[in-house]
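Inspection log for the structure reproduced underneath, given as structure tokens.
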Amino acid sequence: MNKAELEKIKEKALKEYIPIIMDDTLEVIDKILKEKKPTKVLEIGTAVGYSAMCFSEYLNEGGKIDTIERDTERIEEAKINIVKVGVEDKINIIEGDAVEILPTLNDKYDMIFIDAAKGKYPFFLKESLRLLSEDGIIFADNILYKGYVMSDYNKHKQRTAVRNLREYIHEVTENPELETEILEVGDGLAITRRK
Ligand code: SAH
Ligand code: MG
């Protein structure tokens, strides 16, 4: 993989305020993936491909990432980026709204990265649990959403997002079949495994 190109893509995304994964969040995930070496990865929210390209380094031999994005401009940019970095054989972009696409998927995934519309997190979780392999792992980014989720002030315009993120946290921490850690890295990261 062309790391210099990846770095350029990261800088450009940051300059354009595209909400790519934050360094400390990536560090946590990298460490786990280095051990786990997933074969099949599912990402919800590609943006310009940055996080998917980062994860692709840790794939098992012959492994693949399916990543879903609905914004056509971002899809076009992601496609170009993936070729520039030389990882086009490892990343498959699925174009469209994840709410419609997820129910059509039937593969099992070793790792799922949820990083799209916050108001849809409970739905993404439900679908992710259906698609998760027995010893799979689910990461949910932005789970603490600038601290709104853990504060009692909920009169801001992000009310629906906050309510749904709280519902996600409730589900992954109260479900007796799941084990979850919530980390205060980046914008908050939830890590869920089956017991
Ligand atoms: N994972 C990327 C950042 C993703 S930003 C990275 O770290 O590099 C979130 C992306 O999710 C945006 O590009 C947005 O267009 C997309 N998105 C939001 N809701 C979506 C949905 N319902 N279906 C598909 N894509 C969605
Ligand atoms: Mg994010």
Side-chain angles (χ1 to χ4, degrees), residues 10 13-36 38 41-55 58 65 67-71 74 97-99 101-102 109-133 135-195:
K10 175 188 180 185
L14 289 173
K15 222 188 271 165
E16 293 173 1
Y17 301 104
I18 294 168
I20 57 170
I21 191 167
M22 291 167 86
D23 288 339
D24 52 350
T25 308
L26 186 61
E27 216 174 283
V28 170
I29 297 179
D30 279 357
K31 247 185 228 154
I32 296 173
L33 293 190
K34 238 177 235 169
E35 291 270 308
K36 197 169 171 57
V41 172
L42 175 64
E43 175 178 74
I44 309 173
T46 316
V48 293
Y50 178 70
S51 53
M53 292 191 282
C54 292
F55 302 152
Y58 302 106
I65 301 177
T67 179
I68 309 172
E69 175 59 54
R70 67 179 173 192
D71 181 300
R74 287 192 176 165
D97 194 316
V99 172
I101 288 168
L102 286 168
Y109 293 93
D110 310 310
M111 170 204 169
I112 300 178
F113 183 57
I114 301 176
D115 192 21
K118 299 174 185 73
K120 296 282 153 41
Y121 269 39
F123 178 77
F124 294 158
L125 175 66
K126 190 175 127 243
E127 286 297 307
S128 295
L129 288 172
R130 183 178 66 79
L131 296 167
L132 193 68
S133 66
D135 59 350
I137 184 163
I138 301 175
F139 297 96
D141 194 27
N142 308 93
I143 200 71
L144 298 176
Y145 198 12
K146 301 174 183 166
Y148 299 149
V149 170
M150 291 304 182
S151 76
D152 48 16
Y153 181 74
N154 62 4
K155 275 195 176 154
H156 40 73
K157 63 180 195 305
Q158 294 83 0
R159 219 165 33 238
T160 310
V162 169
R163 177 167 37 77
N164 282 289
L165 293 171
R166 285 182 183 147
E167 188 182 325
Y168 182 102
I169 293 173
H170 184 263
E171 174 62 23
V172 291
T173 51
E174 300 303 314
N175 185 328
E177 291 172 11
L178 304 176
E179 213 157 46
T180 296
E181 291 170 86
I182 310 271
L183 303 183
E184 283 181 39
V185 289
D187 198 24
L189 180 70
I191 308 177
T192 299
R193 298 176 173 87
R194 280 191 231 279
K195 273 187 189 159

Original post:
To the nearest 0.5 Å, how far apart are CD1 in Ile21 and SG in Cys54?
Top reply: 7.0 Å
**OP:** Considering non-hydrogen atoms only, spot the tightest contact between Gly186 and Met22 and give its length.
**Re:** CA-SD, 3.6 Å
Subject >> Partner residues of Phe113 under the ring-ring contact (aromatic ring centres under 6.0 Å, His included) criterion, sequence neighbours left out >> reply: Phe55
**OP:** Could you tell me which non-hydrogen atom of Ile137 sits nearest to which non-hydrogen atom of Lys36, and how far apart they are?
**Re:** CG2-CE, 3.5 Å
Subject >> Atom pair CZ (Phe123) and CD1 (Ile114), whose distance is rounded to the nearest 0.5 Å >> reply: 11.0 Å
Original post:
So, for Gly45 and Thr67, which heavy atoms are closest and what is the spacing to 0.1 Å?
Top reply: C-OG1, 4.3 Å
Subject >> Validation row: Val149, Ile143 side chains within 4.5 angstrom (heavy atoms) >> reply: no
**OP:** Go through the structure and list residues passing side chain to side chain contact (heavy atoms under 4.5 Å, CB included) with Ile20, not counting sequence neighbours.
**Re:** Lys10, Ala13, Leu14, Ile18, Tyr50
Subject >> Tyr109: ring-ring contact (aromatic ring centres under 6.0 Å, His included) partners, not counting sequence neighbours >> reply: none
Subject >> Pro38 to Met111 - nearest heavy-atom pair and separation >> reply: CB-CB, 4.4 Å
Original post:
What residue pairs, at least two apart or across chains, pass ring-ring contact (aromatic ring centres under 6.0 Å, His included) with a residue in residues 173-195?
Top reply: none
Original post:
Listed by chain and number, what are the side-chain hydrogen bond (donor to acceptor under 3.5 Å, both in side chains) partners of Asp135, not counting sequence neighbours?
Top reply: none
**OP:** Would you indicate whether Lys195, at its atom NZ, is surrounded by more than 12 heavy atoms from other residues, nucleotides or ligands within a distance under 6.0 Å?
**Re:** yes
**OP:** Give the minimum heavy-atom separation between Glu167 and Pro122, together with the two atoms involved.
**Re:** OE2-CB, 3.5 Å
**OP:** Over all heavy atoms of both residues, which pair between Arg166 and Ser151 is shortest? Give the atoms and the distance, please.
**Re:** NH2-O, 2.7 Å
Subject >> Gap between atom CG of Asn164 and atom CD of Glu171 - 0.5 Å precision >> reply: 12.5 Å
**OP:** List in chain and number order the residues that pass side-chain hydrogen bond (donor to acceptor under 3.5 Å, both in side chains) with Asp24, two or more places apart in sequence or in another chain; answer none if no residue qualifies.
**Re:** none
**OP:** Nearest 0.5 Å please: distance from the CG atom of Leu131 over to the CG atom of Leu42.
**Re:** 6.5 Å
Going by atom type alone, with no hydrogens or angles, which donor-acceptor pairs under 3.5 Å involve a side-chain atom of residues 177-184 and a protein atom two or more places apart or on another chain?
unit_1, atom_1, unit_2, atom_2, d
Thr180, OG1, Val172, O, 2.9
Thr180, OG1, Thr192, OG1, 2.9

Original post:
What pairs with Asn142 under side-chain hydrogen bond (donor to acceptor under 3.5 Å, both in side chains), at least two apart in sequence or on another chain?
Top reply: Asp187
**OP:** Sort and list the pairs that fulfil salt bridge (charged side-chain N to carboxylate O under 4.0 Å, His left out) and have at least one residue in residues 119-132, not counting sequence neighbours.
**Re:** Glu127-Arg130
**OP:** Report the residues that fulfil ring-ring contact (aromatic ring centres under 6.0 Å, His included) with Phe124, sequence neighbours left out, ordered by chain and then residue number.
**Re:** none
**OP:** Calculate, to the nearest 0.5 Å, the distance between atoms NZ and CD belonging to Lys146 and Gln158 respectively.
**Re:** 6.0 Å
Original post:
Does atom CD of Glu16 have more than 12 heavy-atom neighbours from other groups under 6.0 Å away?
Top reply: yes
Subject >> Set of residues satisfying side chain to side chain contact (heavy atoms under 4.5 Å, CB included) with respect to Tyr58, sequence neighbours excluded >> reply: Asp30, Leu33, Lys34
**OP:** Give, for atom CD1 of Ile29 and atom CD1 of Ile191, the distance between the pair rounded to the nearest 0.5 Å.
**Re:** 7.0 Å
Subject >> Partners meeting side-chain hydrogen bond (donor to acceptor under 3.5 Å, both in side chains) with Asp110 (sequence neighbours left out) >> reply: Ser133
Subject >> Test item: Ile68 and Leu102 side chains (from C-beta on) under 4.5 Å apart, heavy atoms >> reply: yes
